[in-house]
Q: 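Below: one structure in structure tokens.
In this text, all values refer to a predicted model and were calculated from it rather than measured experimentally.
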Amino acid sequence: MTSVDLESRIAANAARLSADLEAFAAISEPGDGVTRLAYTALERRAHDVFAERMRTLGCVVHTDAAGNTIADLPATEDNGPQSVVGTGSHLDSVAQGGRFDGIAGVVAGMEAAYLAALSPVPRRRRWRFVAFAAEEGARFGQACNGSRMVAGLTTLPDTRRLRDTEGVSMYDAMSEVGLRPDDLAADEWDAAQWHAFVELHVEQGAVLEDAGVPIGIVDSISGSTRLHVAVNGTASHTGATPMHKRRDALVTAASCVLAGDRIAKDSAHHGTRVTVGRLEVSPGAMTTIPGRVEFVVDVRDIDSDRQRTTVEQLAAAYRDAADADGTAIIVDVIADTSPVVLPAVVKDHLAAAAEQHGLGYRLLSSGASHDAQQVNKITPTGMIFVPSAGGLSHVPNEHTDADDLACGVDVLLAALYRLDADE
Ligand code: HGY
Ligand code: MN
Ligand code: MN
């Protein structure tokens with residue numbers, strides 16, 4: 001029996017995957033959905049669960065300065081290539097998020113490692129399984145922090161600049177949970193050590209479900225530019241201040257929100273997404289005109305130039321709104337990541353792996369950002385998507401069917417063997 005035949009008999013187990021997903025989902029703040037924010041004790045506990053499992057599978061495990069947990073499964077053959085093949089995703093979540101975003105990719109890696117460790121099929125290379133830290137921008141605004149750090153894109157000064165809504169710096173949050181931001185530079189990944197990387201992730205959209213296709217192969221990943229905007233007006237009495245004498249910060253902010261929606265929906269912006277997900281009004285009293293409003297903006301696009309011109313258009317529209325209302329506006333860029341086109345050299349292996357298992361697949365772009373986007377700056381990277389029920393994500397009822405996830409793991413495992421066999 002050829003190794004390919006053997007591989008196709010090694011199948012991921014949906015029940016084992018569900019049990020692992022449940023175990024991680026239990027590590028959460030109380031309340032709806034899963035809340036396990038970046039650089040918190042809960043995130044570290046999830047990394048400990050991952051590390052423990054990978055050690056029992058015979059991996060050599062360590063946690064780097066950024067908080068990424070890295071598990072190496074040794075090769076079974078001597079004198080193979082020194083470069084590693086890898087897979088992984090993230091273990092943090094948004095607030096009241098789902099139990100699949102990121103976690104599905106880590107659990108898929110755990111299952112692939114389990115099956116590979118059991119399998120008689122030889123491995124020429126070390127296989128590296130990664131749980132990235134702090135992928136969600138939900139706490140500090142910037143996304144993909146752990147993977148950006150190993151790619152040298154987020155460095156020590158950035159960890160002091162990036163702060164959460166309580167004013168806690170990423171540096172302090174990392175130190176608080178025992179990580180070492182001062183050592184980030186020493187833990188950046190060396191491209192020469194890598195052969196290729198694959199991330200499995202839930203689609204977070206409805207393309208696969210609508211098409212009735214079990215496997216997505218990602219050809220491009222959206223970029224994102226994230227803004228913090230402060231509008232300063234004059235707080236004063238809602239009864240005694242006539243309309244023509246007001247400098248209402250919320251009126252300006254409302255015009256900004258609507259300007260973003262209008263720009264993203266115009267015909268020149270097909271593929272642009274602009275969202276204001278958080279807006280704070282102060283003093284926030286029924287009988288006081290808002291004197292200050294702060295809000296954050298998430299600009300996404302698959303086209304790099306258009307992403308940047310959209311930000312310029314937004315800034316111009318914001319200035320016009322402030323001028324019209326007599327308020328002052330400050331726009332700060334807190335994070336900026338370019339879109340990426342993923343290389344055919346990995347995509348082709350993913351397609352062949354899906355075909356090997358007789359699974360239907362389709363190419364699609366990712367509206368969400370992912371660690372794969374950053375890792376691709378170090379080594380050729382691919383992404384496998386599995387369907388999201390109703391296309392929902394970042395919400396408690398985010399769901400992916402365990403059998404769909406098992407199909408994704410089968411494709412992941414077959415792809416890792418194919419990449420392992422590369423010269
Ligand atoms: O925001 C995103 O696109 C991802 O979930 N970090
Ligand atoms: Mn994710
Ligand atoms: Mn996410």
Side-chain angles (χ1 to χ4, degrees), residues 37-38 94-96 136-143 157-158 160-173 223-269 272-301 305-337 394:
L37 297 183
V94 297
Q96 287 87 46
E136 294 294 357
R139 183 177 179 190
F140 294 99
Q142 177 167 288
D158 296 314
R160 292 192 185 283
R161 168 179 61 83
L162 292 162
R163 291 180 181 274
D164 67 11
T165 51
E166 313 290 318
V168 176
S169 71
M170 186 179 280
Y171 182 93
D172 288 347
S224 77
T225 302
R226 297 185 177 170
L227 309 176
H228 175 274
V229 183
V231 184
N232 291 303
T234 304
S236 62
H237 196 291
T238 53
T241 314
M243 292 309 284
H244 68 282
K245 290 203 165 216
R246 293 179 176 210
R247 293 178 347 107
D248 185 330
L250 186 52
V251 169
T252 301
S255 304
C256 295
V257 174
L258 293 174
D261 192 59
R262 187 180 63 251
I263 288 169
K265 285 176 178 170
D266 76 22
S267 56
H269 285 85
T272 304
R273 284 137 284 150
V274 176
T275 313
V276 173
R278 192 180 71 237
L279 182 144
E280 279 137 22
V281 184
S282 52
M286 163 75 85
T287 55
T288 307
I289 298 166
R292 177 174 168 84
V293 172
E294 293 186 63
F295 60 90
V296 289
V297 191
D298 183 1
V299 180
R300 305 274 182 126
D301 212 314
D305 293 341
R306 191 173 56 199
Q307 180 180 325
R308 272 72 189 197
T309 49
T310 300
V311 171
E312 286 162 16
Q313 287 171 297
L314 286 175
Y318 293 174
R319 277 193 301 277
D320 292 348
D323 291 348
D325 300 331
T327 53
I329 197 158
I330 302 162
V331 181
D332 288 316
V333 176
I334 46 179
D336 182 76
T337 295
H394 282 191

Q: Look only at the side chain of Arg247 and the backbone of Gly326, and say whether a donor-acceptor pair between them is shorter than 3.5 Å.
A: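 Yes; at least one donor-acceptor contact below 3.5 Å.
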Q: Consider side-chain contact (heavy atoms from CB on, under 4.5 Å). Of Val231, Asp323, Val297, which one does Tyr318 pass it with?
A: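 Looking at Val231, Asp323, Val297, the match for Tyr318 under the side-chain contact (heavy atoms from CB on, under 4.5 Å) is Val297.
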Q: Just by modelled atom types, is the Ile334 backbone N or O under 3.5 Å from a matching donor or acceptor in the Asp332 side chain?
A: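 Checked: no pair found.
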Q: Calculate, to the nearest 0.5 Å, the distance between atoms OG1 and CZ belonging to Thr327 and Arg246 respectively.
A: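 With rounding to 0.5 Å, OG1 (Thr327) is 14.0 Å from CZ (Arg246).
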Q: Is there a donor-acceptor pair under 3.5 Å between the side chain of Gln142 and the backbone N or O of Thr337?
A: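 Not at all, since once roles are kept as given, no pair shorter than 3.5 Å links the two residues.
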Q: Could you grab the distance from atom OG1 of Thr275 to atom CZ of Arg300, nearest 0.5 Å is fine?
A: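 If we round to the nearest 0.5 Å, Thr275:OG1 and Arg300:CZ are 7.5 Å apart.
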Q: Looking at Ala264 and Val274, what are the two nearest heavy atoms and their distance?
A: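 The answer is CB-CG2, 3.8 Å.
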Q: How close do Ala259 and Ala317 get, heavy atom to heavy atom, and via which atoms?
A: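 So the minimum-distance heavy-atom pair works out to CB-CB, 3.9 Å.
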Q: For a 4.5 angstrom cut-off between non-hydrogen side-chain atoms, does Arg308 reach Val311?
A: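 With C-beta onward as the side chain, the pair stays apart.
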Q: For Ala322, does its backbone N or O pair with a side-chain atom of Thr252 as donor and acceptor, under 3.5 Å?
A: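 No; judged by distance alone, with no hydrogens or angles, the pair does not exist.
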Q: Nearest heavy-atom pair of Gly141 and Ala335: which atoms, and what distance?
A: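 Heavy-atom minimum between the residues: O-CB, 4.3 Å.
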Q: Check whether any side-chain heavy atom of Leu279 sits under 4.5 Å from a side-chain heavy atom of Val257, and report yes or no.
A: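 Yes, at least one pair of side-chain atoms sits under 4.5 Å.
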Q: Looking at side-chain heavy atoms only, is the closest gap between Thr310 and Thr225 below 4.5 Å?
A: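 Thr310 vs Thr225: side chains apart.
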Q: Between Val229 and Ile329, does a side chain to side chain contact (heavy atoms under 4.5 Å, CB included) hold up when you go through it step by step?
A: CA-CA 7 Å; Val229 183; Ile329 197 158; 3.6 Å; yes
Q: Looking only at non-hydrogen atoms, find the nearest pair between Ala173 and Phe140 and report the distance.
A: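 The answer is CB-CZ, 3.7 Å.
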Q: If every non-hydrogen atom of Ala321 is compared with every non-hydrogen atom of Cys256, which pair is closest and at what distance?
A: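 Scanning both residues completely, I find the closest heavy atoms to be CB-SG, 4.3 Å.
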Q: Side chain to side chain contact (heavy atoms under 4.5 Å, CB included) for Arg319 and Val331? Distances and angles first, verdict last.
A: CA-CA 9 Å; Arg319 277 193 301 277; Val331 181; over 6 Å; no
Q: Quick one: OG1 on Thr272 to CD on Gln313, what's the gap to the nearest 0.5 Å?
A: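 These two atoms lie 8.5 Å from each other.
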Q: Under 3.5 Å, is there a donor-acceptor pair between the side chain of His237 and the main chain of Ala240?
A: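 Flag set: sc His237 to bb Ala240 pair under 3.5 Å.
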Q: Does Thr288 reach the main-chain N or O of Gly284 with its side chain, forming a donor-acceptor pair under 3.5 Å?
A: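 Side chain of Thr288 to backbone of Gly284, a donor-acceptor pair under 3.5 Å: no, none is there.
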Q: Determine the minimum heavy-atom distance between Glu166 and Asp164, stating which atoms define it.
A: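 Answer, listing the atom of Glu166 first, then Asp164: N-OD1, 2.8 Å.
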Q: What verdict does the side chain to side chain contact (heavy atoms under 4.5 Å, CB included) test give for Val168 and Arg139, after you've listed the backbone C-alpha separation in whole Å, the side-chain angles of each residue and the deciding distance to 0.1 Å?
A: CA-CA 10 Å; Val168 176; Arg139 183 177 179 190; 3.9 Å; yes
Q: Restricting to salt bridge (charged side-chain N to carboxylate O under 4.0 Å, His left out), what partner residues turn up for Arg273, sequence neighbours left out?
A: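 With neighbours one apart ignored, the set is empty.
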Q: CD1/Ile263 to OG1/Thr309 distance, rounded to the nearest 0.5 angstrom?
A: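 Here the interatomic distance stands at 9.5 Å.
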Q: Could you tell me the separation between the CG atom of Leu314 and the CG atom of Leu227, rounded to the nearest 0.5 Å?
A: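 Between Leu314 CG and Leu227 CG, I get 6.5 Å after rounding to 0.5 Å.
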Q: Can any side-chain N or O of Arg278 pair as donor or acceptor with the backbone N or O of Val296 at less than 3.5 Å?
A: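 The answer is no, because no donor-acceptor pair under 3.5 Å joins these two groups.
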Q: Out of curiosity, Ser224 OG to Asp336 CG, how far, rounded to the nearest 0.5 Å?
A: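 The CG atom of Asp336 is 7.5 Å from OG of Ser224, to the nearest 0.5 Å.
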